[in-house]
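As structure tokens, the structure follows; a few thoughts come after it.
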Amino acid sequence: MSVKLLFEHLDKPGIRNLEGYRSHGGYQTLEKALRTLKPDDITGEVKKSGLRGRGGAGFPTGMKWGFLAKPEGVPRYLVCNADESEPGTFKDRYLMEHIPHLLIEGMAISSFALGAETSYIYIRGEMMYVYHILQAAIDEAYANNLLGSNIMGSGFSLDLHVHCGAGAYICGEETALLESLEGKRGNPRIKPPFPAVKGLWGCPTVVNNVETISAVVPIVRDGGDAYARIGIGRSTGTKLISASGHINNPGVYEIELGLPVEEFIYSEQWCGGITKGKKLKAVVAGGSSVPVLPAELILKTAAGEPRLMTYESLSDGGFETGTMLGSGGFIVMDEDTSIVKNLWNFTRFYHHESCGQCSPCREGTGWMEKVLHKILAGKGTRADIDLLWDIQKNIEGKTICPLGEAAAWPVAAAIRHFRAEFEELTSQITEPAGQV
Amino acid sequence: MDKEVRFSDDALQLVNRITSRYPEGKQKSAILPVLHIAQAEFDGWLPVPVMDYVAGLLRMQTIEVYEVASFYSMFNLKPVGKCLIEVCHTGPCWLSGSDGLLSYIEKKIGIKPGETSPDGMFTLKTVECLASCGTAPMMQIGEKYHERLTDEKCGEILDACRENGERVTHWSVKRIQNDKA
Ligand SMILES: Cc1cc2nc3c(=O)[nH]c(=O)nc-3n(C[C@H](O)[C@H](O)[C@H](O)COP(=O)(O)O)c2cc1C
Ligand code: SF4
Ligand code: FES
């Protein structure tokens, strides 16, 4: 059995259009919210639900909403983060493409709760066709008084706009996203001030992921307590997992948090096992930024407990033996995969995407890419492995935004768990490191 | 550029519709969508006079437009072929065969990433994860995602592009006509 909250009606014909969406209860939750609830009641339900941000960091959504400053006479904004660029993550695109009105209904309810009268969905520019799907859905909603002025006669008015980016991973970072939405380069801002106090155009702003905002709909429909009963412990509700790599059934799955990792990988209902009957080598469980784990540690914790798909279980053991749920980008690698080559690929990505403001990130990512390239070319030495370790250590904690760490952690984890593979590639050579 | 730099009436109407989505005085926010429209209007790239024109439209300094245009990977500061082939080469796509797809395309049209075919038909570019990792390997041409590609399927798509011969951009001219209202 599995619970479906976001994807319950995904396979219904016409669900992409307003009519289809409404025929399966669509916009009834918005109506309930506007007619029977006060904004603070909604925030209360979200708090009770235990919902945690689905964009990667897992910060409690209700608490984030609670931080929003509400000075008199200053507009507040809700911005939906639909930049989805974390390698291995493709759930938001899937949701928006197939059931755009769910996000729009979530935006309307959340905007009402936060007191925002203008809200934006920032979608990455490459997803231009989804931008047009969203725009068409927004137009439908306006035409039916589900957006715009005095929605369903409730007195609440909301303008919802979709905005497209133009290719930059860093614009997924919330302050870079706001800079970009203001028409500038996507350079992350120094925090504090946090967006809750000074966000879009200097006004209090909440930035939430597509999946987070969509989850507000079932939470308000069924109540926060009902949502909190799904899942395990502090990992409540369902989570969309994007599964890719060497598995038989890649795709987007809505799982109840708490599903054992082993079942997720091997069950026919989910990933369906490793392709060509190969053995599992490693998994990157939460998007490219989280530490890679070898098969034995992704299936079981260091203490021998089955690993579960929850925030807590996946991070059990810290970075020594654990990882993170992150964005839910679940990348599976079979026994023939070169961990070093995969790492080089990811490191090249971070180097390419660094905005260049902080030297540890800008220089460090480039340096790591070069050292890895040298090792792969068979010209690396044992000392290069230590050099890599040093570089990643010198990025962590020394940058404006977490992209630096996102680049450092995968390097640390690959060396920690697969040192032998690095040594194999450098076994013939003994000269000192440094020459790149 | 010989011809006068000016958006079509459809595009101007669309630009007005877009700028109205931001508060008074914040029309600069429209820069990314407007530069996409500019690429659709002017052969898929952004020559300096086009950027200057956009600066005028949005009442921005020209330097602000250049700064933005050079930051985002979807903006082309050099001419591109009619059909820009963007192949994802990030981790998950690599695990699922993007190297093979790239070398197939390189062989088929005889160019490497970053190059344009002599007839001006194709430009090949590698791009980072396009949120399509579960249907890898993949490439994007214009707004369209082409997923689960085999050499054969990819070959057919490229042949169709050549046969069609039309310029393809992310924000297409057809979309501009549809969306202006
Ligand atoms: C480099 C970087 C890239 C990010 N990319 C995304 C993204 O594509 N989508 C997203 O929702 N959050 C992304 N985030 C997280 C956002 O900064 C932010 O925490 C999130 O949008 C908050 O929403 P949530 O609380 O609903 O998760 C990224 C963070 C960093 C540091
Ligand atoms: S850590 Fe990297 S991406 Fe983040 S602000 Fe610094 S240079 Fe830019
Ligand atoms: S890695 Fe190619 S689409 Fe994600």
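Proteins come first, then strands; the chains are lettered A, B, ... in the order of their sequence lines, and each starts at number 1. Just so you know, these numbers use all the heavy atoms, side chains as well, and skip hydrogens, waters and symmetry mates.
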Looking only at heavy atoms and a cut-off of under 4.5 Å, which of H163(A), M127(A), E84(A) has the most pairs with chain B?
H163(A)
Find out whether Y131(A) and E143(B) are in side-chain contact, i.e. whether some heavy atom of one side chain is under 4.5 Å from a heavy atom of the other.
no
Neighbour count >12 (heavy atoms, 6.0 Å) for atom NZ, K125(B)
yes
Name the member of M333(A), K91(A), E126(A), R124(A) that forms the most heavy-atom pairs with chain B at distances under 4.5 Å.
E126(A)
Quick one: does V130(A)'s side chain get under 4.5 Å of Y145(B)'s, heavy atoms only?
no
Identify the heavy atoms of K341(A) and D99(B) that sit nearest to each other, and give their distance.
NZ-OD2, 3.6 Å
Where does E67(B) contact chain A at under 4.5 Å (heavy atoms): side chain, backbone, both or neither?
both
Per-residue tally against chain B (heavy atom, under 4.5 Å) across G245(A), G251(A), G186(A), G329(A) peaks at G186(A)
Minimal heavy-atom distance between F90(A) and A131(B), with the atoms involved, is CB-O, 3.1 Å
Okay, N342(A) and chain B: the region with an atom under 4.5 Å from a heavy atom over there is both
Between L181(A) and chain B, with a heavy-atom cut-off of 4.5 Å, which part of the residue counts as in contact: side chain, backbone, both or neither?
both
So, the part of Y129(A) with a heavy atom under 4.5 Å from chain B: the answer is both
Quick check on L95(B) against chain A: is it the side chain, the backbone, both or neither that has a heavy atom closer than 4.5 Å?
both
Can you say whether A166(A) sits under 4.5 Å from chain B via the side chain, the backbone, both, or neither, judging by heavy atoms?
both
Contacting moiety of I247(A), where chain B heavy atoms sit under 4.5 Å:
neither
Is chain B contacted by the side chain of D334(A), its backbone, both, or neither, given a heavy-atom distance below 4.5 Å?
neither
Side chains of Y169(A) and E128(B), heavy atoms from C-beta outward: is any pair under 4.5 Å?
no
For atom NE2 of H373(A), is the number of surrounding heavy atoms from other residues, nucleotides or ligands below 6.0 Å larger than 12?
no
Quick one: closest heavy-atom pair of L130(B) and R93(A), and the distance?
O-CD, 4.5 Å
Measure the acute angle between the ring planes of W201(A) and Y22(B), then classify it against the limits of 30° and 60° as parallel, tilted or perpendicular.
perpendicular
Let me know if V332(A) has heavy atoms under 4.5 Å from chain B in its side chain, its backbone, both or neither.
backbone
Select one option (side chain, backbone, both, neither) describing which atoms of E353(A) are under 4.5 Å from chain B's heavy atoms.
side chain
Under a 3.5 Å distance rule, please check whether H36(B) uses its side chain to pair with a backbone N or O of G165(A) as donor and acceptor.
yes
Heavy-atom pair count under 4.5 Å with chain A, highest-scoring of S96(B), A30(B), P33(B):
P33(B)
I'd like to know which of P75(A), A168(A), P87(A), C355(A) tops the heavy-atom pair count under 4.5 Å against chain B.
P87(A)
S288(A) versus chain B, heavy atoms under 4.5 Å apart: side chain, backbone, both or neither?
neither
Proximal component of F330(A), with respect to chain B [non-hydrogen, under 4.5 Å]
neither
Given 3.5 Å as the limit, does a donor-acceptor pair link the side chain of N345(A) with the main chain of H89(B), or not?
yes
Value rounded to 0.5 Å, distance of OG in S29(B) from CG in L178(A):
10.5 Å
For Y72(B) and K184(A), which heavy atoms make the closest approach, and how far apart are they?
OH-O, 2.6 Å
Non-hydrogen atoms of G167(A) and M74(B) that approach each other most closely
N-SD, 3.7 Å
Shortest non-hydrogen contact from S244(A) toward C133(B):
CB-O, 3.6 Å
Of the listed residues (Q135(A), H352(A), R348(A), H246(A)), which shares the most heavy-atom pairs with chain B below a 4.5 Å separation?
R348(A)
What distance separates W344(A) CH2 from W94(B) CH2, expressed to the nearest 0.5 Å?
9.0 Å
Kindly indicate whether the side chain of L32(B), heavy atoms from C-beta on, has any atom under 4.5 Å from the side chain of S180(A).
yes
Return the CZ to NE2 distance between R175(B) and H132(A), rounded to the nearest 0.5 Å.
4.5 Å
